[in-house]
Structures are given as structure tokens and as C-alpha cells.
Amino acid sequence: MEEIMEKLREHDKKFAEHDLEFKSIQKQFGSLEQYVDRLTLELVTHTTRLDRIEENMATKEDLRDLTEKMDTLIGFYQHDNQEVTLLAYALSKHDDRIQMLEGENIKIKFKINLD
């Protein structure tokens, strides 16, 4: 009978050990559940953020359209810049001609004594 009691005590001890191990495992699973919950929340947050980014970002087509419009505007600017340069040159030539003619006019007035 003593032998059976000893066996029962050993089993009780093993059950107690298993019980401690089980509680430790439950605690670990509890923290794992919290970790999984946190990861799920992070995933949802990132997915929402990526959706917003995707809605607002420019596509290749948008950038191509913008580039074409900018090229057109740059073309207009270059054309206008060339035109202004040519007009400035023509104005300078006219100014030189006017100064020359005014000089000639003064000479003519002096020769015919109009002053």
C-alpha cells in the first residue's frame, strides 16, 4: 500500500509540474495573442496608408502628360525668347540708324543755317 501511495505522490508531483508548465504555456500564448493582435493592427494601418498613397500618387501616364505639357511650355518660352532677342537686335539697329539720321539732320541744319 505504501508503494501505491508513493506512486500517487509521484503522480501528484508530475501533475503539479505539468500544471506549472501548462500555466507557463498559457502565459506565452497570451502574450503571443497580444503580439498577433498588435501585428494585425499594424497591418491594417499600413494597408490603409498604402491605399491613401495609391489614391494620391501620380501614375506614369500622369507624369507623361505633365512632361508633354512642360515641353510645350518650354517650346513657347524658347520661341518667345528668340523672338525677343531678334526684336532687341532690330531695335538696336533702328536706334543706331536714328542716331545716325539725327546726326545727319544736325549737319544739314547747320549747313542751311536753320539753327
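Predicted model, so just to flag it, every value in this text is computed and none were measured.
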Could you give the distance from [atom1] ([X]) to [atom2] ([Y]), rounded to the nearest 0.5 Å?
X: Arg49; Y: Glu42; atom1: CZ; atom2: CD; result: 10.5 Å
X: Glu102; Y: Ile106; atom1: CD; atom2: CD1; result: 7.0 Å
X: Asp95; Y: Gln99; atom1: CG; atom2: CD; result: 4.5 Å
X: Arg97; Y: His94; atom1: CZ; atom2: NE2; result: 10.0 Å
X: Asp96; Y: Leu101; atom1: CG; atom2: CG; result: 11.0 Å
X: Ile74; Y: Asn81; atom1: CD1; atom2: CG; result: 12.5 Å

Quiz item: When you measure from the side chain of Thr48 to the backbone N and O of Val44, does any donor-acceptor pair fall under 3.5 Å?
Solution: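 Checked: pair present.
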Practice problem: Mind jotting down which residue pairs meet the side-chain hydrogen bond (donor to acceptor under 3.5 Å, both in side chains) criterion with at least one end in residues 54-76? Sequence neighbours excluded, please. | Solution: Thr59-Asp62, Glu61-Arg64, Asp65-Lys69
Quiz item: Can you tell which of Thr40, Thr47, Leu41 makes a side chain to side chain contact (heavy atoms under 4.5 Å, CB included) with Leu43?
Solution: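 It is Thr47; the other options fail the test.
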Self-check item: Met5 atom CE: more than 12 heavy-atom contacts under 6.0 Å
Solution: no
Quiz item: Take atom CD in Glu10; do more than 12 heavy atoms of anything else shown fall under 6.0 Å from it?
Solution: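 For Glu10, atom CD is crowded (more than 12 foreign heavy atoms under 6.0 Å).
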